[in-house]
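Okay, so here's the structure we're looking at.
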Amino acid sequence: MRNVSAAMDTVVRASLRWRGILRFYNANTGCLGTEVVAALVKTPRLITPFLAFLPAALIAGCSSTLLDNAPAWPPADYRKIINDSKEVIPDELTKGAQVSEPRKTIAPQLYDWVVCLKSDTKPTPSFFAVFFEGEKIQLVRRAVQIDQCEMADYSPLAPPVPPTAQKMQIKRKT
């Protein structure tokens with residue numbers, strides 16, 4: 001992010017130096033001060049270059065992105081975390097519930113990962129979004145359209161335990 005900011009600062013400085021209004025640029029805030037208006041009023045020949053530069057500067061300022069600090073991997077055992085969090089998720093919700101695979105959250109959603117719960121309530125199932133930050137549940141709420149819980153694939157919250165393999169003894173004739 002600093003490299004992008006430094007590059008943008010260099011471009012802005014070069015453009016302002018060429019237009020003769022560099023002395024009004026505040027490098028700490030990355031903005032032109034109110035003195036620019038006074039300079040433009042005093043020297044009308046600067047208005048056209050300034051107005052040509054203004055849309056590009058505004059678009060460049062709005063196009064910066066935030067760094068994604070989300071972990072690369074979802075919570076290791078999210079099923080166990082959901083089952084063990086009785087203070088956050090009530091038993092009625094987890095009993096017989098189905099869960100989706102975790103996926104990264106998208107822009108308006110908070111936290112790093114989202115898992116959908118499908119509760120088997122009659123007559124229609126209920127969908128809930130469970131938000132994780134690291135290995136901890138941060139938020140549980142009813143799912144909304146952006147959570148995409150109705151389109152997710154579900155499996156049981158507590159997956160069936162595979163039967164233990166029994167050792168078979170082979171009798172040999174001696």
Side-chain angles (χ1 to χ4, degrees), residues 1-16 25-34 36 50-162:
M1 187 72 172
R2 287 185 181 148
N3 293 341
V4 172
S5 178
M8 187 63 185
D9 187 55
T10 305
V11 169
V12 168
R13 283 178 176 275
S15 178
L16 295 177
Y25 179 68
N26 184 345
N28 293 332
T29 61
C31 297
L32 293 172
T34 55
V36 172
F50 178 75
L51 291 177
F53 170 72
L54 186 62
L58 292 174
I59 291 171
C62 294
S63 67
S64 65
T65 60
L66 298 175
L67 294 176
D68 186 15
N69 294 332
W73 304 105
D77 195 7
Y78 64 94
R79 294 173 190 268
K80 183 178 183 321
I81 295 170
I82 291 172
N83 270 330
D84 294 345
S85 62
K86 302 300 181 196
E87 67 276 352
V88 179
I89 305 173
D91 285 335
E92 300 83 36
L93 181 61
T94 58
K95 184 181 281 187
Q98 295 180 351
V99 66
S100 70
E101 293 295 317
R103 62 177 178 77
K104 281 193 168 213
T105 55
I106 51 178
Q109 295 173 321
L110 300 174
Y111 309 111
D112 300 332
W113 294 90
V114 63
V115 173
C116 294
L117 280 179
K118 180 180 177 182
S119 177
D120 289 336
T121 56
K122 305 294 182 202
T124 59
S126 301
F127 296 96
F128 294 89
V130 180
F131 293 91
F132 285 87
E133 188 169 329
E135 297 286 325
K136 187 176 179 196
I137 294 176
Q138 295 294 328
L139 176 67
V140 178
R141 63 168 168 77
R142 235 181 228 284
V144 293
Q145 187 173 4
I146 196 167
D147 299 330
Q148 300 175 358
C149 288
E150 292 183 6
M151 296 181 287
D153 294 326
Y154 290 93
S155 59
L157 180 60
V161 179

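If you read the sequence from its start, that first residue is 1, and numbering goes on from there.
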Dump the intermediate steps for side chain to side chain contact (heavy atoms under 4.5 Å, CB included) on Glu101 and Asp153, then the final yes or no.
CA-CA 8 Å; Glu101 293 295 317; Asp153 294 326; over 6 Å; no

Take Phe131 and Leu110 through the test side chain to side chain contact (heavy atoms under 4.5 Å, CB included) and record every step on the way to the result.
CA-CA 8 Å; Phe131 293 91; Leu110 300 174; 5.7 Å; no

Could you give me the CA-CA distance, side-chain angles and deciding distance for Ile81 and Phe132, then say whether side chain to side chain contact (heavy atoms under 4.5 Å, CB included) is met?
CA-CA 10 Å; Ile81 295 170; Phe132 285 87; 3.6 Å; yes

I'd like to know whether Tyr111 forms a side chain to side chain contact (heavy atoms under 4.5 Å, CB included) with Ile137, so could you lay out the CA-CA distance, the side-chain angles of the two residues, the decisive distance to 0.1 Å, and finally the verdict.
CA-CA 9 Å; Tyr111 309 111; Ile137 294 176; over 6 Å; no

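Looking only at distances, a side-chain donor or acceptor of Ser100 sits under 3.5 Å from a matching main-chain atom of Cys116. Tyr154 places a side-chain N or O within donor-acceptor distance of the main-chain N or O of Cys149, the cut-off being under 3.5 Å.
Inter-residue side-chain proximity for Tyr78 and Val99 is flagged as met; some heavy-atom pair is nearer than 4.5 Å.
Between atom CD of residue Gln145 and atom CZ of residue Phe127 there is a gap of 13.0 Å, rounded to the nearest 0.5 Å. Atom OG of Ser155 is separated from atom CZ of Arg79 by 3.5 Å, given to the nearest 0.5 angstrom. Between Gln98 atom CD and Leu157 atom CG the span is 9.5 Å, to the nearest 0.5 Å. In this structure, CG in Leu93 is found 10.0 Å from NZ in Lys86, a value given to the nearest 0.5 Å.
Looking at every heavy atom in both residues, Trp113 comes nearest to Arg103 through CE3-C, 3.2 Å. Summarising the geometry of Leu117 relative to Ile82, their closest heavy-atom pair is CD1-CG2, 4.2 Å, with the distance given to 0.1 Å. Residues Arg141 and Val144 share a closest heavy-atom pair of NH1-CG2, 3.4 Å. Summarising the geometry of Ala129 relative to Val114, their closest heavy-atom pair is CB-CG2, 4.0 Å, with the distance given to 0.1 Å. Taking every heavy atom of both residues into account, Glu135 and Ala76 meet most closely at OE2-N, 3.1 Å. Nearest heavy-atom pair across Ile146 and Gln109 is O-NE2, 3.6 Å.
Remark: Glu87 CD is packed, more than 12 non-hydrogen atoms of other residues, nucleotides or ligands lying under 6.0 Å away. The environment of Asp120 atom CG is dense: over 12 non-hydrogen atoms of other residues, nucleotides or ligands sit within 6.0 angstrom. Atom CD of Gln138 has more than 12 heavy atoms from other residues, nucleotides or ligands within 6.0 Å.
Taking a cutoff of 4.0 Å between a charged side-chain nitrogen and a carboxylate oxygen, Asp84 and Lys80 qualify as a salt bridge.
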